[in-house]
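Have a look at the structure below, then the notes.
Chain letters run A, B, ... following the sequence lines, proteins first and then strands; every chain starts at 1. If you're wondering where the values come from, they're calculated on a predicted model, not measured in any experiment.
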Protein chains: 2
Amino acid sequence: MGVTKTEVFTAEQNRIAELAKAFAHPARVAILQHLVATKSCICGELVDELPLSQATVSQHLKELSRIGIIKGNVQPPRVCYCINESVWEEAKAAFGGLLATFTVNECC
Amino acid sequence: MGVTKTEVFTAEQNRIAELAKAFAHPARVAILQHLVATKSCICGELVDELPLSQATVSQHLKELSRIGIIKGNVQPPRVCYCINESVWEEAKAAFGGLLATFTVNECC
DNA sequence: TTTGTATATCGCAATATTACGATGATATTT
DNA sequence: AAATATCATCGTAATATTGCGATATACAAA
């Protein structure tokens, strides 16, 4: 169907999946890496950095904003984006927690 | 289009995005959590655990196998799945590395 | 050999995602 | 006021994803 049955999973599972989506496209990885590297926020500079159209970059930025991992600071006609520290920490805790739980297999 | 322009991004960015997809759906998060929790490998038991059809679970398992984060051990008519330790470590390093790079913003 | 069990795959339907050109909105500059 | 610059949104097209019933496959058991 293309529609995820979110209602049958836990809130934690759904949130982890949502946070993972922030990293689940190379363009968004590139955006996040750039925002991390240039500590100061970036605006349409991202459009110059990425080999994608302005409309496409804007769409990825919107998705990252929806997830909450970045935030935008409007100073018309520019918009300054940057990492949302609290959500970044949330992602760090979520992935770190999950990834740390694995110890060893007893078969395979 | 629905088709990602992978060729314009770095191999690292594409790999991170691929690894993130393993966690980008609540059903796959649930599968991974279950495989981690029950150290010994699990078979069709996953179908009983998850409120999804056998066909759908099998499809998610196939995607996780394609990414490489799980591996299957065929012992007909059963298949025993488990975490692929090396790829799990790869994910830990990839996300850990990226998430650790952020220090602080200079605006926003 | 037939039956049963477990899993994968096929085929389909519905929705989601990715991408971009064109356009709209907003504020600064001229 | 008009022109410019920046960014968001709309509309559209193409492909991907999600989900499931039905069927195929592969082996074990009867």
Side-chain angles (χ1 to χ4, degrees), chain A residues 1-9 13-14 17-31 34-35 41-67 70-82 107-108, chain B residues 1-9 13-14 17-31 34-35 41-67 70-82 107-108:
Chain A
M1 302 178 176
V3 59
T4 296
K5 294 175 72 176
T6 57
E7 72 281 1
V8 300
F9 299 104
Q13 287 163 344
N14 282 308
E18 192 171 47
L19 288 170
K21 279 190 184 177
F23 298 91
H25 190 287
R28 294 197 289 272
V29 171
I31 290 173
H34 196 77
L35 289 180
C41 307
I42 301 300
C43 320
E45 180 187 330
L46 284 164
V47 177
D48 301 328
E49 284 291 322
L50 301 177
L52 297 173
S53 75
Q54 183 265 324
T56 302
V57 172
S58 185
Q59 203 167 278
H60 281 302
L61 288 169
K62 185 183 179 184
E63 174 65 6
L64 289 171
S65 296
R66 189 190 63 75
I67 294 169
I70 69 171
K71 52 186 174 179
N73 200 341
V74 182
Q75 6 187 290
R78 298 157 198 274
V79 178
C80 185
Y81 282 103
C82 63
C107 69
C108 292
Chain B
M1 302 176 177
V3 60
T4 297
K5 295 175 72 177
T6 56
E7 71 282 1
V8 299
F9 299 103
Q13 288 163 344
N14 282 308
E18 192 171 47
L19 288 170
K21 279 190 183 177
F23 299 90
H25 190 288
R28 292 196 290 271
V29 172
I31 289 173
H34 196 77
L35 289 181
C41 307
I42 302 299
C43 320
E45 179 187 333
L46 285 164
V47 176
D48 299 329
E49 284 291 322
L50 301 177
L52 296 172
S53 75
Q54 182 265 324
T56 302
V57 172
S58 184
Q59 205 167 278
H60 282 302
L61 288 169
K62 185 183 179 183
E63 174 65 7
L64 289 171
S65 296
R66 190 191 62 76
I67 294 168
I70 68 172
K71 53 185 175 179
N73 199 339
V74 183
Q75 5 189 286
R78 298 155 199 274
V79 178
C80 184
Y81 282 104
C82 62
C107 70
C108 292

Roughly how far, to the nearest 0.5 Å, is OG1 of A:Thr4 from CG of A:Asn14? 8.5 Å
How would you list, by chain and number, every residue that makes a side-chain contact (heavy atoms from CB on, under 4.5 Å) with A:Gln13, sequence neighbours excluded? A:Phe9, A:Thr10, B:Pro26, B:Val29, B:Ala30, B:Gln33
Donor-acceptor pair under 3.5 Å, A:Gln54 side chain vs D:dA8 base: yes
Which part of the nucleic acid, if any, lies within contact of B:Thr4, taking any heavy atom under 4.0 Å across all strands shown: a base, the sugar-phosphate backbone alone, or nothing? sugar-phosphate
State which of D:dT9, C:dG11, D:dG21 makes the closest approach to the side chain of B:Ala55. D:dG21
C:dA19 OP1/OP2 closer than 4.0 Å to side-chain N/O of A:Thr56: no
Return yes if some donor-acceptor pair links the side-chain N/O of A:Arg28 with the main-chain N/O of A:Leu64 below 3.5 Å, else return no. no
To the nearest Å, how far apart are B:Leu52 CG and D:dG19 P? 6 Å
Selected nucleotide, minimal atom distance to A:Ser53 side chain, candidates D:dG19, C:dG21, D:dG11: C:dG21
A:His60 NE2 to C:dA16 C1', straight-line distance once rounded to whole Å: 13 Å
Choosing from D:dC20, D:dT17, C:dT17, which nucleotide comes nearest the side chain of B:Lys21? D:dT17
What is the separation between atom CZ on B:Arg78 and atom C1' on C:dT5, rounded to the nearest whole Å? 8 Å
Euclidean distance, atom CD of residue A:Gln75 to atom P of D:dA5 [Å, nearest integer]: 19 Å
Using a cut-off of less than 4.0 Å, is there contact between a side-chain N or O of A:Tyr81 and OP1 or OP2 of D:dT6? no
Would a distance-only check, ignoring hydrogens and angles, find a side-chain to backbone donor-acceptor pair under 3.5 Å from B:Ser65 to B:Leu61? yes
Of the listed nucleotides C:dG11, C:dC20, D:dC7, the one nearest the side chain of A:Cys43: D:dC7
When you compare the side chain of B:His25 with that of B:Glu63, does any pair of heavy atoms fall below 4.5 Å? no
In whole angstrom, what separates B:Lys62's NZ from D:dT17's P? 12 Å
Earlier contact from the 5' end, DNA chain D, for B:Ala24 and A:Val79: A:Val79
Just how far, in rounded Å, is P of D:dT6 from CG of A:Asn73? 17 Å
Can you tell me which nucleotide in D:dT15, C:dA19, D:dA8 comes closest to the side chain of A:Gln59? C:dA19
Please report the interatomic distance CG(B:Leu52) to OG(B:Ser58), rounded to the nearest 0.5 Å. 12.0 Å
In whole Å, I'd like the distance from the NE2 atom of B:His25 to the C1' atom of D:dA16. 13 Å
Of A:Glu45 and A:Lys5, whose nearest nucleotide on DNA chain D comes first from the 5' end? A:Glu45
Using a cut-off of strictly less than 4.0 Å, decide whether A:Ser58 has a side-chain nitrogen or oxygen near OP1 or OP2 of D:dA8. yes
Look at all strands and tell whether A:Pro77 reaches a base, only sugar-phosphate, or nothing, counting heavy atoms closer than 4.0 Å. base
Taking CD1 from B:Ile42 and C1' from C:dT7, how many angstroms apart are they, rounded to a whole number? 16 Å
Contact class for B:Glu63 vs. all strands (heavy atom < 4.0 Å): base, sugar-phosphate, or nothing? nothing
